Amino acid sequence: MLILGIDTSCDDTSAAIVRNGREILSNIVSSQIAIHQRYGGVVPELASRRHLEMIWPTTDEALKQAKIELKQIDAISVCYGPGLIGSLLVGVCFAKALSYASSIPLIAVNHLEGHIFSAWLLDEPPEFPFLALIVSGGHTSLVRVDDFGKYTEIGKTRDDAAGEAYDKVAKLLGLSYPGGPIIDRLSEHTDQDIGFPRPMLNEGFDMSFSGLKTAIRLYVQEQIEKGRLDDEQIAIVCRSFQEAVTDVLVKKTERAAKKLGLKRIVLSGGVSANKRLRQKMTEMADSLGFKVYIPPVNLCTDNAAMIAAAGYFYFQHRIFAPDDLTATAYLPLGPS
Ligand code: KG4
Ligand code: ZN
């Protein structure tokens with residue numbers, strides 16, 4: 001059983017071939033970082049134009065690398081939201097056309113569901129139920145997953161997503177885009193911690209990162225005025241910010257897992273590529289006897305293999321996309 005996965009939700013054009021929902025035969029990600037870097041963030045219009053150029057070559061490459069012909073594909077699984085509307089439309093229209101022209105069934109997958117099911121690409125996937133922390137550039141949510149299609153949001157950010165905060169803090173420091181991997185790397189250059197606030201650390205499951213971002217902006221302005229923002233200071237700010245964000249993410253996850261009595265935790269989304277977050281989450285889980293499932297870094301950031309992995313569940317339940325499927329920028333994680 002072969003699924004062609006497609007994801008064009010933001011600034012990566014991705015196509016993948018996955019066998020039986022678990023085995024990756026190919027997972028091609030055509031990155032647009034070089035295009036958006038000079039603007040310090042994703043420019044939606046440029047993103048959709050580049051998707052248009054890259055969607056065929058990327059899909060072609062995925063088939064070639066997997067040594068599979070289109071006629072062998074059993075289903076096409078496409079991400080239809082949430083994300084940038086122009087970007088999503090390219091993937092959805094392409095997948096619909098391919099499905100129609102080749103009589104291959106079409107499956108529509110929520111991007112967040114894709115991140116959750118990236119854990120099925122691990123050698124040992126989790127059993128239901130589990131707690132998922134989805135932490136990316138657009139979302140930061142704690143979700144109770146009872147089964148395929150049974151998702152309950154337990155907590156979420158009330159303002160910026162954690163990845164967005166990483167990218168904005170990097171911009172404040174004059175670093176490049178995307179900021180997450182750069183802050184992750186620079187943080188290793190120091191062990192100093194300024195002690196920025198850990199917002200809402202001791203209340204409930206919701207999170208907030210915009211106040212932390214403001215605290216850092218004020219601190220950075222002060223350093224610039226005093227002529228002190230050198231490489232060492234930048235590394236200290238990076239580490240201090242990262243310690244605050246990861247403390248909040250891990251603490252909220254721990255509280256939710258305890259409260260819900262869930263012993264399995266899935267960490268997913270672009271920010272889960274973060275070394276410090278992976279380490280702290282694993283330490284917390286080990287100390288409490290929880291098991292944590294963290295996909296390898298290339299499956300944390302956006303990729304089409306995770307869309308194919310989620311699509312496999314739809315295929316098994318015979319849930320296919322309607323003929324009038326369209327892209328949806330705002331798409332909460334609901335029942336399938
Ligand atoms: O899941 P993703 O690829 O796209 C969205 O669905 O948003 O996540 C992208 C986000 C960006 O904000 C990026 O800075 C962040 O993930 N990110 C990281 C790391 N790698 C990517 N954040 C922290 N540490 C990293 N190593
Ligand atoms: Zn994503």
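Predicted, not measured: the structure shown is a model, and the values here were computed from it.
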Exercise. Go through the side-chain N and O atoms of H51 and T13 and say whether any donor and acceptor fall under 3.5 Å apart.
Key: yes

Exercise. For the pair F313 and F117, name the ring-plane relationship: parallel under 30°, tilted 30 to 60°, perpendicular over 60°.
Key: tilted

Using the benzene-type ring in the case of Trp, are the ring centres of [X] and [Y] under 6.0 Å apart?
X    : Y    : answer
H36  : Y177 : no
F128 : F130 : yes
F241 : F196 : no

Practice problem: Check the surroundings of atom NZ in K251: do more than 12 heavy atoms from other residues, nucleotides or ligands lie under 6.0 Å from it? | Solution: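 For K251, atom NZ is not crowded (no more than 12 foreign heavy atoms under 6.0 Å).
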
Self-check item: Heavy atoms of other groups near D230 CG, more than 12 under 6.0 Å
Solution: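 Check passes, neighbour count above 12.
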
Quiz item: Looking at F315, is R318 sitting on its ring face, NZ or CZ under 6.0 Å from the six-membered ring centre and within 45 degrees of the normal?
Solution: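 R318 over F315 ring: yes.
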
Quiz item: Does the ring of F209 carry K213 above it, NZ/CZ under 6.0 angstrom from centre and within 45° of its axis?
Solution: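 K213 over F209 ring: no.
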
Quiz item: Do L229 and I234 have side chains that get closer than 4.5 Å, going by heavy atoms?
Solution: yes

Self-check item: Note, T8 side chain near C79 side chain (heavy atom, < 4.5 Å)
Solution: no

Practice problem: Without swapping roles, check the side chain of S102 against the backbone of I104 for a donor-acceptor pair under 3.5 Å. | Solution: no

Exercise. Applying side-chain contact (heavy atoms from CB on, under 4.5 Å), run through L249 and M207 and close with a yes or a no.
Key: CA-CA 8 Å; L249 292 172; M207 294 159 255; 3.8 Å; yes

Exercise. May I ask you to say whether K275 pairs ionically with E188, meaning some side-chain N is under 4.0 Å from a carboxylate O?
Key: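 Salt bridge between K275 and E188, a charged N being under 4.0 Å from a carboxylate O: yes.
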
Quiz item: Quick one: hydrophobic cluster around V43, which other residues, with the 4.5 Å side-chain cut-off, linked directly or via members?
Solution: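 I35, Y39, L46, which link up through side-chain heavy atoms under 4.5 Å apart, make up the rest of the cluster.
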
Practice problem: Check step by step if side-chain contact (heavy atoms from CB on, under 4.5 Å) holds for V145 and L131. | Solution: CA-CA 6 Å; V145 181; L131 178 69; over 6 Å; no

